[in-house]
Amino acid sequence: MASHARPRHRRRVPRGLTRAGLALTVAGAALAAAGAAPAGAAAGRETDLDVQAAGKALGGALQHSLAGGVGPVKSLKLDPLAGTTADPLTNKIGTQVADFKPLTTGIVTDPIAGGGALEDLPLTGAAMRLLPG
């Protein structure tokens, strides 16, 4: 079929609907892993133990998913030109006024120019250590 003869309207599932479906799937998997009702429990009654086990399973599943998604981003190299001769961040500008200590831009650019990631930077490193992964 020629490209001009193809139908132009295609059915697409909205992103919000897809995300909601994925969230429900994760929650359902966590509940299934924890066991909806233990043997011997009365039908139709939830005990505190059931809710607690389901909450732990859901929390573990979410933490595992978050670690898999955030972990690679935390260690991603920020400057793709780091270690090459074409890296513009290796250029430093500095000045010294009177007999004060010299001030350069190397303090800011050295962690990135050295091939650092988000977890290696001085300010964001502490925040990245709080995230799993």
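Only a predicted model underlies this, so the values are computations on that prediction, with no experimental measurement involved.
- Taking each heavy atom of T105 and K92 in turn, the nearest pair found is OG1-CA, 3.6 Å.
- When all heavy atoms of P111 and G106 are compared, the pair lying nearest together is CD-O, 4.3 Å.
- Nearest heavy-atom pair, A82 versus G114, reported as atom, atom and distance to 0.1 Å: CB-C, 4.4 Å.
- Among T109, I112, L81, the one residue that satisfies the side chain to side chain contact (heavy atoms under 4.5 Å, CB included) test with D87 is L81.
- Between L78 and L118, the closest side-chain pair of non-hydrogen atoms falls below 4.5 Å.
- With values rounded to the nearest 0.5 angstrom, Q96 atom CD is found 11.5 Å from T104 atom OG1.
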